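Keep in mind that what you see is a predicted model, and the values were worked out from it rather than measured.
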Amino acid sequence: MKAYYRNEHGQSPVVLRSPEDVDNLIDELMASDPSDNMAVLHSLERPLMPAGVPDHELMVGADGDLQVGVLAFVDDGNFVSLGRPTMSSLSSFPS
């Protein structure tokens, strides 16, 4: 996956290849200021759209002070995590 979460990642995204890379990303987001604690991820396994942009987006946010996180996935539909972790804490929104 490619991860974008700092200005410099626009031209040079971080590539996540292992579970340790993901752990490091979450740790860095949790230690960041509120204006920098969200990452946008794109799979390297999916083809780009004709315009040259990904056809999907996974957003990951983490707040170290509150010890909470959020996930949002955009594809053919939009999904975001809500509330306390339960089987029903994933909501779908029409695209």
Side-chain angles (χ1 to χ4, degrees):
M1 301 211 69
K2 288 183 181 178
Y4 303 86
Y5 55 99
R6 300 286 181 261
N7 286 335
E8 61 269 18
H9 297 156
Q11 297 299 319
S12 181
V14 173
V15 177
L16 307 175
R17 293 188 172 95
S18 69
E20 292 79 19
D21 292 341
V22 174
D23 286 345
N24 291 337
L25 168 68
I26 300 300
D27 289 344
E28 191 167 342
L29 293 176
M30 290 185 72
S32 297
D33 291 329
S35 61
D36 287 325
N37 65 1
M38 177 73 74
V40 175
L41 290 81
H42 299 123
S43 172
L44 298 171
E45 301 292 320
R46 291 177 63 160
L48 298 176
M49 294 185 353
V53 296
D55 67 345
H56 65 287
E57 190 166 86
L58 173 63
M59 291 171 277
V60 178
D63 187 312
D65 291 338
L66 297 176
Q67 294 291 297
V68 297
V70 63
L71 295 172
F73 182 70
V74 178
D75 191 348
D76 290 335
N78 302 322
F79 302 89
V80 65
S81 58
L82 297 172
R84 294 186 181 279
T86 66
M87 291 303 290
S88 64
S89 64
L90 190 65
S91 292
S92 173
F93 300 94
S95 40

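Atom CE of Met59 and atom OH of Tyr4 lie 14.0 Å apart (nearest 0.5 Å). The CG atom of Leu58 sits 9.0 Å away from atom NE2 of His42, with the distance rounded to the nearest 0.5 Å. Rounding to the nearest 0.5 Å gives a distance of 8.5 Å between CG of Leu16 and CG of Leu44.
For residues 44-54, every residue pair satisfying the salt bridge (charged side-chain N to carboxylate O under 4.0 Å, His left out) rule, not counting sequence neighbours, is listed here: Arg46-Asp55, Arg46-Asp75.
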Stepwise, does the side chain to side chain contact (heavy atoms under 4.5 Å, CB included) test hold for Arg6 with Val14? CA-CA 10 Å; Arg6 300 286 181 261; Val14 173; over 6 Å; no
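Counting non-hydrogen atoms of neighbouring residues, nucleotides and ligands closer than 6.0 angstrom, the CD atom of Gln11 reaches no more than 12 such neighbours.
A pairwise comparison of heavy atoms in Gly69 and Ser81 identifies O-OG, 4.5 Å as the closest pair. For the pair Met1 and Ser43, the tightest heavy-atom approach, listed with the atom from each and the gap, is CE-N, 3.6 Å.
Judged by distance alone, the side chain of Asn78 and the main-chain N or O of Val74 form no donor-acceptor pair under 3.5 Å.
For Leu29, the side chain to side chain contact (heavy atoms under 4.5 Å, CB included) criterion is met by Tyr5, Leu25, Ala39, Val60, Ala62, not counting sequence neighbours.
Contact check for Pro19 versus Val22: no side-chain heavy atoms found under the 4.5 Å cut-off.
Other members of the cluster containing Val68 are Leu66, with ILVMFWY side chains joined at under 4.5 Å, either directly or via other members.
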